[in-house]
Amino acid sequence: FISSIAVIANNKTGLIKTEHSNHNYYPLYRKILSVPIFIAADCVVCNSDNTLASFSSLEKLIAGKKSKVIYNGVDFQKIERTQSGVENINQQYGIQKESFKICSSGSLKKSKNYVRLIRAFKIATSKYKDICLFLIGDGPKRQEIERIVNEEGMENNVKLLGYRSRPEVYKHLTAMD
């Protein structure tokens, strides 16, 4: 937000506004604050169709034809599955070789709905015992997620890894199924 204001004040360069969150979860003040930025922006880039669709009517009206969807990039060349990578992750977290591993990387915040993911994963673990969910990231919902994992007795199936650098995220992704 601050950098957007600086660009507007400078008025020498174009402004590309990026949006990465579902606006349905935004409080009213946040939607109001986005309006002047959208007006000033030369382009509003959303990371998904869902993000664009979540704009309020006013945001859609203002962003209009300036809106584009460009999905988050993943460098698949850096995610090359190697046996040693799988073995390292299995060893590091005490996971059985035959366990099915799933990973999600992102901010642990309300709009990502990790609470729903944990509850759905609980259902999956009742049917499939040898599965493990790795959550990479940190955020305001971390304590709630930890509490739910503990209450549901899923400590062996859900690993909260916290923030990791991009190379570390890629290292973990190489070991996932």
Exercise for review: Could you walk me through whether Tyr93 and Asn88 pass side chain to side chain donor-acceptor pair (under 3.5 Å), step by step?
Suggested key: CA-CA 9 Å; Tyr93 299 104; Asn88 289 342; over 6 Å; no
**Study point:** From CA spacing to verdict: side chain to side chain contact (heavy atoms under 4.5 Å, CB included), Leu108, Leu160
**Key:** CA-CA 10 Å; Leu108 303 181; Leu160 287 134; 4.2 Å; yes
Point to revise | Chi angles and distances behind the side chain to side chain donor-acceptor pair (under 3.5 Å) call for Gln96, Ser99 | key: CA-CA 5 Å; Gln96 296 297 319; Ser99 291; over 6 Å; no
Exercise for review: I would like to know whether Ser34 and Glu59 meet side chain to side chain contact (heavy atoms under 4.5 Å, CB included); could you show each step before the answer?
Suggested key: CA-CA 8 Å; Ser34 70; Glu59 289 171 317; 2.7 Å; yes
Exercise for review: Any chance you could lay out the side chain to side chain contact (heavy atoms under 4.5 Å, CB included) test for Ile136 and Cys103, step after step, and finish with the verdict?
Suggested key: CA-CA 7 Å; Ile136 300 175; Cys103 183; 3.6 Å; yes
Point to revise | Derivation and outcome, side chain to side chain contact (heavy atoms under 4.5 Å, CB included), residues Arg164 and Phe134 | key: CA-CA 12 Å; Arg164 295 288 193 266; Phe134 293 84; over 6 Å; no
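Atoms CD1 and CZ, on Ile148 and Arg119 in that order, are 4.0 Å from each other to the nearest 0.5 Å. Interatomic distance, Ile102 CD1 to Ile131 CD1, rounded to the nearest 0.5 Å: 5.5 Å. Of the inter-residue distances, the one linking Lys97 atom NZ with Asp130 atom CG reads 13.5 Å to the nearest 0.5 angstrom. Here Ile70 contributes atom CD1 and Thr18 contributes atom OG1; the two are 10.0 Å apart, rounded to the nearest 0.5 Å. Atoms CE and CD1, on Met154 and Ile145 in that order, are 11.5 Å from each other to the nearest 0.5 Å. Here OG1 of Thr125 is found 8.5 Å from CD of Glu152. Values are rounded to the nearest 0.5 Å.
Between Tyr26 and Leu33, the closest side-chain pair of non-hydrogen atoms is not below 4.5 Å. Between Ile16 and Asp42, every side-chain heavy-atom pair lies at or beyond the 4.5 Å cut-off. Side-chain contact check for Asn90 versus Lys101: some heavy-atom pair is nearer than 4.5 Å. Here the side chains of Ile118 and Val158 are in contact, with some heavy-atom distance below 4.5 Å. Contact check for Ser107 versus His20: no side-chain heavy atoms found under the 4.5 Å cut-off. Residues Lys112 and Lys110 fail the side-chain proximity criterion, which asks for heavy atoms closer than 4.5 Å.
For Lys60 against Phe55, the heavy-atom pair with the smallest separation is CE-O, 3.1 Å. Between Asn24 and Ser54 the shortest heavy-atom distance is OD1-O, 3.6 Å. Taking both residues in full, the closest heavy atoms of Lys68 and Cys43 are given as CG-SG, 4.1 Å, listed atom of the first, atom of the second, then distance. Listed here is the closest heavy atom pair of Phe38 and Lys66: O-NZ, 2.6 Å. Taking all atoms of both residues into account, the shortest heavy-atom contact from Ile95 to Lys159 is CD1-CE, 3.8 Å. Counting all heavy atoms, side chain and backbone alike, Val69 lies closest to Asn47 at CG1-C, 4.4 Å.
Judged as a side chain to side chain contact (heavy atoms under 4.5 Å, CB included), and not counting sequence neighbours, the contacts of Pro27 are Tyr29, Arg30. Residues forming a side chain to side chain contact (heavy atoms under 4.5 Å, CB included) with Leu117 (at least two apart in sequence, or on another chain): Ser104, Tyr114, Leu133, Leu135.
A side-chain hydrogen bond (donor to acceptor under 3.5 Å, both in side chains) check over residues 136-151, counting only residues at least two apart or in different chains, returns the pairs Lys141-Glu144, Arg142-Glu146, Arg147-Glu151.
Glu168 places a side-chain N or O within donor-acceptor distance of the main-chain N or O of Ser165, the cut-off being under 3.5 Å. A donor-acceptor pair is defined here as one N or O able to donate and one able to accept, closer than 3.5 Å; no such pair exists between the side chain of Asn157 and the backbone of Cys132.
A single hydrophobic cluster is seen to contain both Tyr128 and Phe100, as judged by linkage of ILVMFWY side chains at heavy-atom distances under 4.5 Å, directly or through other members.
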